[in-house]
Amino acid sequence: MFKRLADSSPAIAITVDGKQVTARAGDTVAAALLAAGIDHCRTTPVTGAPRAPYCLMGVCFDCLVTVDGVGSRQGCLIPVREGMKVETQLGRREAGR
Amino acid sequence: MIAAADLASSYELVVIGGGPAGLAAAALAARAGVSTVLFDENPGVGGQIYRAITSTPVKNRAILGEDYWDGAALADEAKASGALIVNGATVWSLDRQRLVGVSIGGKARVIEASRVIIATGSQERPFPIPGWTLPGVMTAGAAQTALKAQGLIVGGRTVLAGGGPLLWLLAAQTLRAGGTIDAILDTTPNRNWLQAIFHLPDFALSPYFGKGLALLREVRAKVPVHRAHTIEAVGTDRLREVVFSGPGGTRRLPVDLLLLHQGVVPNVNLANAAGVAHVWNDRQLCFVPVLDADFGSSVPGIAVAGDGAGIAGGTAAAERGRIAAIAAVRALKPEAVVPDTQAIRQRLQREEMGRAFLDCLNRPADAFRLPEGDTIACRCEEVTARQVRETAQMGCEGPNQMKAFLRCGMGPCQGRLCGLTVTELIAAERKTSPDEVGYYRLRPPVKPITLAELASLPISEAERKAVER
């Protein structure tokens, strides 16, 4: 859905659900997920529907992800850091049962 | 990087939000000798309009346009003023005593303020159409943020839909950056011109007139524009196509990315939670805080500046920030020298001149504000328009009661993406006005914080005794 104008910023390695993803300095978690072509970042608590970042400005909360073990963080407000562990979150607890 | 522990226990002025209003306010107050801290939740200052102004990877100035680069002067001015500017700082609470709850890097503090200027700006108006929760549907503002902050441009088949200046600006910026837009679905009702035309003479004198025309020409030369009365985003796991109806009948476009926009509205959550009185603005179709001529709110010592005070744009926001800051300086340090308010008010008036025209022309159609059937009204709790309408018909009179019935507005976004929709749906069903229906009563924390952060806040002896048995 998105591509980078230029890949000039330094690369930053993060993992998303255990897989290596190369982000760039200046990326937020949500931007890094979009740039990497990840199709969704969470599922909803009510129906388990997939959601991806929607507003990128901190108001919609659709980009909630688990960052370094802390759940429900707003991915669009958190800058990426080398070695950061990002996990998509399953909103509906029953979904995996 | 400033840590929560580095903050003083009190400041004369706390400014919340680092967009044009907050930056201008903090700079003016700090230069007048007022101890000032500015909290901003983003990684860098600029707010949304000047997003990433100090760090954007988009170096070709023509892409974002000169209006964007105006923000650099504001950021420099604030930095040089002596105000303490803290980024990555999320304000989650503000009360009538002007205690400011703020979280920085996972650590919370409560700071006392003699005066507070809320400069939390605006957000994009909810755009509840079928399928708007699907991955692949985003706001135009989101795409613009990704462009400014990360140098990301749209790839794949992209359609923009809606109306308002930002939609056309994003289109122009995307084209200048080498991106492709497959189509624009213009949802502006033709009859809006009937109202807007009365305000055309004023608009013709405003700085936005020439810029707006140039923008429309630039985009229309390269992108097919279709009129749309209804729009549907279609797909199961993600967006696959956009279906729209217009003068030429119903059409389907296969698409990867749909960017929605129908104007911006004040971001009311913090002011509302602080007890600031709000009133319905029928021209802008949103709630705005009740403010005096210096942007002072109904809560003593708390002002609301910038687009949070009602939509007027980035340049006006800076002037409003200055007026609010001058009032704060006068209250705190009557002997301090401040700039001439009259000159600022004149500049503000000029900026606001074309607003009536823009508001009337870009007034979103009912079809895109008052959803029906299974269209989701509350994204977080997945509450449909039908549920809200039926509950209103059953006798539910307001949004707060609606929460109890349906949980709408109770998810993580705290009503930001459904509040206006729910109010307008209730008003429509009960044949009353949105002002009569009112808005959600919001409460802190207005942003999520962890229990550990709350628990680690220092407590006074009196507070401890109050819960001891």
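Each chain gets a letter, A, B and so on, in the order its sequence line appears, and its residues count up from 1. From a predicted model like this one, the values you see are computed outputs, not experimental measurements. As a basis for the values below, the full set of heavy atoms in this structure was taken, side chains included, without hydrogen atoms, waters or symmetry mates.
To the nearest 0.5 Å, the span separating CG on B/D40 from CG on A/L77 amounts to 9.5 Å. A distance of 9.5 Å separates CG in A/L56 from CD in B/E124, rounded to the nearest 0.5 Å. Going from atom CD of B/Q123 over to atom SG of A/C55 covers 8.0 Å, rounded to the nearest 0.5 Å.
Interface remark: A/L34 contributes side-chain atoms only to the contact with chain B (heavy atom separation under 4.5 Å). At a 4.5 Å heavy-atom cutoff, B/L134 makes no contact with chain A through either its backbone or its side chain. Using a 4.5 Å cut-off between heavy atoms, B/R51 contacts chain A through its side chain alone, with no backbone atom that close. For B/A177, the parts lying near chain A are the backbone and the side chain together; criterion is any non-hydrogen pair under 4.5 Å. Using a 4.5 Å cut-off between heavy atoms, B/A143 touches chain A through backbone and side chain atoms alike. Contacts of A/C76 with chain B are made by backbone atoms alone, with heavy-atom separations under 4.5 Å and no side-chain atom involved. With a threshold of 4.5 angstrom between heavy atoms, B/N269 does not approach chain A through any atom at all.
Shortest non-hydrogen contact noted between A/F61 and B/C413 is CD1-CA, 3.4 Å. Nearest heavy-atom pair, A/T44 versus B/E382, reported as atom, atom and distance to 0.1 Å: OG1-OE2, 2.6 Å. Contact record, B/Q150 with A/T28: NE2-N, 3.5 Å, taken as the closest heavy-atom pair. The two residues A/P45 and B/C380 make their nearest non-hydrogen contact at CD-O, 4.4 Å.
Within a 6.0 Å radius of NZ in B/K59, other residues, nucleotides and ligands contribute more than 12 heavy atoms.
Contact annotation: the side chain of A/F2 approaches that of B/L257 to within less than 4.5 Å [non-hydrogen atoms, C-beta and beyond]. At least one side-chain heavy atom of B/R238 sits under 4.5 Å from a side-chain heavy atom of A/M1. Annotation: side chain of A/D39 is not in contact with side chain of B/P135 (no heavy-atom distance under 4.5 Å).
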Apply side-chain contact (heavy atoms from CB on, under 4.5 Å) to the pair A/L5 and B/L152, showing each step before the final yes or no. CA-CA 6 Å; A/L5 270 180; B/L152 292 174; over 6 Å; no

Would B/T133 and A/Y54 count as a side-chain contact (heavy atoms from CB on, under 4.5 Å) here? Give the steps. CA-CA 8 Å; B/T133 54; A/Y54 177 72; over 6 Å; no

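Among the residues in residues 66-75 of chain A, those with a non-hydrogen atom closer than 4.5 angstrom to a non-hydrogen atom of chain B are A/V70, A/Q74. Contacts between residues 14-26 of chain A and chain B, defined by a heavy-atom separation under 4.5 Å, are made by A/G26.
Looking at A/R51, its side chain does come within 3.5 Å of a backbone N or O of B/R379 through a donor-acceptor pair. A distance-only check finds a donor-acceptor pair linking the side chain of B/K447 to the backbone of A/G58 [under 3.5 Å].
Among B/D256, B/N42, B/V58, B/V137, the residue making the largest number of heavy-atom pairs under 4.5 Å with chain A is B/V137. Ranked by heavy-atom pairs under 4.5 Å with chain B, the list A/A52, A/A49, A/P50 is led by A/P50. Options B/V154, B/I63, B/L260, B/T158 differ in how many heavy-atom pairs under 4.5 Å they form with chain A, and the most are formed by B/V154.
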